[in-house]
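Working notes, beginning with the structure itself.
Just so we're on the same page: letters track the sequence lines, and every chain starts at 1.
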2 protein chains.
Amino acid sequence: MDVRTLCLGILTLGDASGYEIRKMFADDAIGEVFDANFGSIYPALNRLTEEGLVVCTAQAQEGRPDKKVYSITAEGRTLFTHELMKVPARDRFRSEFFVTLLFADLLPGDRVGDLIDGRIAHHQQEVARLEALARQESAGALNTPFMVGFGLAHHRLAVSYLTENRHLLENAGSPVAQIAE
Amino acid sequence: MDVRTLCLGILTLGDASGYEIRKMFADDAIGEVFDANFGSIYPALNRLTEEGLVVCTAQAQEGRPDKKVYSITAEGRTLFTHELMKVPARDRFRSEFFVTLLFADLLPGDRVGDLIDGRIAHHQQEVARLEALARQESAGALNTPFMVGFGLAHHRLAVSYLTENRHLLENAGSPVAQIAE
DNA sequence: CTTGTCATATGTCGGAAGGATATAGTGTGC
DNA sequence: GCACACTATATCCTTCCGACATATGACAAG
């Protein structure tokens, strides 16, 4: 499942421009489970257009630059449905934050605490953002209670895990603490 | 932080071959927070060797093919420490499974349940695997209680979240359920 | 009035890497 | 002897990530 397929999926829910699609990944709950940015979205949309899976209509706007709105074709819908029936590939995850924590004993003593504090704050911001999203009446078709709830559970776990387990790391590089052990 | 940096980090903990490094990503807790496979590990090691950040020693083995063991240089250590002090980039996550669930209403009625069942089973296997890892006396330097605990928390959350919230999806495509609503 | 910032828009480039594939050696089971 | 699994190294091609570029329009600050 590539970004092209994701764009098809999003367009099954309604027409959108490249910029709007990218905003969905950035702001909506779909961004909790899939990441895509301009560098892949625009080439994907261009390719889909060439392949007749979407059609593109240029629109002028007032107070804003012109935009290109993409609509899915019947062929595009068929392909997306077919892709959806495939066995999902395994998840992919990379976190530089956690890799850094893995080598916490190489960091200066207060660096680990700072990193963890900053990270907890980030997750709390995300919780607040998703809670606000959940409260919206017209949150958008991508922000189902299931998806928003998953994002919330995910960020809340991170906060609680870091809070409860930071003690395992925070004295790791401290010679005084190691002498005490 | 790229795979090259990750290889350097792993080699600070001891010499290893490309295959062993890849096995760490596949089997150890580091694989819960960073994904790398042959396609990126070997080019990374070759590049690190060219740049003098690691040195490579070919070793013959009994009962197995020969292997190339990589050792980090002092220059490599310095670079890794320097990289570790950088602000970690944001996490990257993609899950075809959850994307598929996002379009659950396009799936046949029992497909969603099958996907969720299979997914829960997968997470439970991972929990069992990590629990066994946590019980090992010599689990390896990469399998710290913090990292293993994070992986366990993560998979356990997935199981409980899917179990408790699958009802939001499983009647999604059912006309009978929608009439009842 | 000018400059800077932000949001809305589209787009591209170069390097990294993901998945699949290839090859080789060794051992085990049928 | 063949198939399979594990240990090993390696590569290829497609995708995409992060940074960057450009344009339009609105707004704020000096």
Side-chain angles (χ1 to χ4, degrees), chain A residues 1-8 15-27 31 34-51 54 56-70 83 86-96 99, chain B residues 1-8 15-27 31 33-51 53-54 56-70 83 86-96 99:
Chain A
M1 199 181 272
D2 53 15
V3 173
R4 260 180 284 151
T5 307
L6 263 285
C7 288
L8 282 183
D15 299 351
S17 66
Y19 188 82
E20 285 163 355
I21 291 173
R22 183 263 176 188
K23 261 182 82 68
M24 289 175 203
F25 282 115
D27 298 339
F34 208 96
D35 241 338
N37 216 325
F38 293 124
S40 45
I41 291 171
Y42 283 110
L45 289 172
N46 287 336
R47 181 81 180 277
L48 289 170
T49 307
E50 288 163 18
E51 292 171 345
V54 305
C56 170
T57 311
Q59 293 187 3
Q61 295 186 99
E62 293 201 3
R64 294 173 174 179
D66 296 358
K67 69 178 175 183
K68 297 166 74 167
V69 176
Y70 293 87
E83 289 295 314
K86 290 186 180 177
V87 176
R90 65 184 191 87
D91 295 358
R92 287 154 55 176
F93 178 62
R94 348 176 36 161
S95 169
E96 294 192 9
V99 168
Chain B
M1 198 181 274
D2 52 16
V3 174
R4 262 181 282 151
T5 306
L6 264 285
C7 290
L8 282 183
D15 299 349
S17 67
Y19 188 82
E20 285 162 354
I21 291 173
R22 183 265 177 186
K23 264 183 81 67
M24 288 175 202
F25 281 116
D27 299 338
V33 297
F34 208 97
D35 242 338
N37 217 323
F38 295 124
S40 46
I41 292 172
Y42 283 109
L45 288 171
N46 287 337
R47 181 80 182 278
L48 290 171
T49 307
E50 289 163 14
E51 291 170 345
L53 301 174
V54 304
C56 170
T57 312
Q59 291 187 2
Q61 296 185 96
E62 294 201 5
R64 293 172 175 182
D66 296 358
K67 70 179 177 181
K68 296 167 71 166
V69 176
Y70 294 86
E83 289 294 314
K86 291 184 177 176
V87 176
R90 66 183 190 86
D91 294 359
R92 286 155 56 174
F93 178 62
R94 343 176 43 156
S95 170
E96 294 192 4
V99 168

Discussion item. Any non-hydrogen side-chain atom of Y70(B) less than 4.5 Å from a side-chain atom of T57(B)?
Written reply: no
Worksheet item: Are F25(B) and D35(B) close enough that some pair of their side-chain heavy atoms sits under 4.5 Å apart?
Response: no
Worksheet item: Once you round it to whole Å, what is the distance between C1' of dT24(D) and CD of Q59(A)?
Response: 16 Å
Worksheet item: OP1 or OP2 of dT15(D) less than 4.0 angstrom from a side-chain nitrogen or oxygen of S40(A), does that happen here?
Response: no
Worksheet item: Ignoring hydrogens and geometry, is there a side-chain-to-backbone donor-acceptor pair from Q61(B) to D66(B) under 3.5 Å?
Response: no
Worksheet item: Any side-chain heavy atom of V3(B) within less than 4.5 Å of one from F34(B)?
Response: yes
Pairs under 3.5 angstrom, nitrogen or oxygen only, protein versus nucleotides 28-30 of chain C, please.
none

Discussion item. What is the distance, to the nearest angstrom, from the CG atom on N37(A) to the P atom on dT10(C)?
Written reply: 14 Å
Practice prompt. Using whole Å, report how far CD of E83(B) lies from P of dA16(C).
Written response: 12 Å
Worksheet item: Taking atom P of dA17(C) as reference, at what distance in whole Å does atom CD1 of I41(B) sit?
Response: 10 Å
Item to complete: Verify the distance criterion only: is there a donor paired with an acceptor across the side chains of N46(A) and T49(A) at less than 3.5 Å?
Response: no
Worksheet item: What is the distance from CG of D2(B) to P of dA19(D), rounded to the nearest Å?
Response: 13 Å
Discussion item. Please verify the inter-ring angle class for F93(B) with F93(A); under 30° counts as parallel, over 60° as perpendicular, anything in between as tilted.
Written reply: perpendicular
Worksheet item: Under 4.5 Å between any side-chain heavy atoms of R4(B) and E51(B), yes or no?
Response: yes
Practice prompt. Round to the nearest Å and state the distance from D35(B) atom CG to dC16(D) atom C1'.
Written response: 15 Å
Worksheet entry | Stretch residues 87-96 of chain A: residues that reach within less than 4.0 Å of DNA chain D through a heavy atom | none
Worksheet item: With a non-hydrogen cut-off below 4.0 angstrom, is R22(B) in contact with a base, only sugar-phosphate, or nothing?
Response: nothing
Worksheet item: Rounded to whole angstroms, how far apart are CG on L45(A) and P on dT10(C)?
Response: 9 Å
Worksheet item: Is E20(A) salt-bridged to K67(A), going by a charged N under 4.0 Å from an acidic O?
Response: yes
Worksheet item: Only one of R90(B), M1(B), R92(B) forms a side-chain contact (heavy atoms from CB on, under 4.5 Å) with R94(A), so which one is it?
Response: R92(B)
Practice prompt. Rounded off to whole Å, could you give me the CE-to-P distance for the M24(A) and dA9(C) pair?
Written response: 12 Å
Fill in: Residue mapping more 5' on DNA chain D - nearest nucleotide basis, P43(B) or R47(A)
P43(B)
Worksheet entry | Whether E83(B) side chain and T5(B) backbone form a donor-acceptor pair below 3.5 Å | no
Sub-3.5 Å pairs of nitrogen or oxygen atoms, protein against nucleotides 5-10 of chain D:
{"from": "dT7(D)", "atom 1": "OP2", "to": "Y19(B)", "atom 2": "OH", "distance (Å)": "3.1"}
{"from": "dA8(D)", "atom 1": "OP1", "to": "Q61(B)", "atom 2": "OE1", "distance (Å)": "2.6"}
{"from": "dA8(D)", "atom 1": "OP1", "to": "Q61(B)", "atom 2": "NE2", "distance (Å)": "2.3"}
{"from": "dT9(D)", "atom 1": "OP1", "to": "K68(B)", "atom 2": "N", "distance (Å)": "2.7"}
{"from": "dT9(D)", "atom 1": "OP1", "to": "K68(B)", "atom 2": "O", "distance (Å)": "3.1"}
{"from": "dT9(D)", "atom 1": "OP2", "to": "Y19(B)", "atom 2": "N", "distance (Å)": "2.8"}
{"from": "dT9(D)", "atom 1": "OP2", "to": "Y42(B)", "atom 2": "OH", "distance (Å)": "2.8"}
{"from": "dA10(D)", "atom 1": "OP1", "to": "K68(B)", "atom 2": "NZ", "distance (Å)": "2.6"}

Response to the item:
Output for pair (Y42(A) OH, N37(A) CG), nearest 0.5 Å, gives 10.0 Å
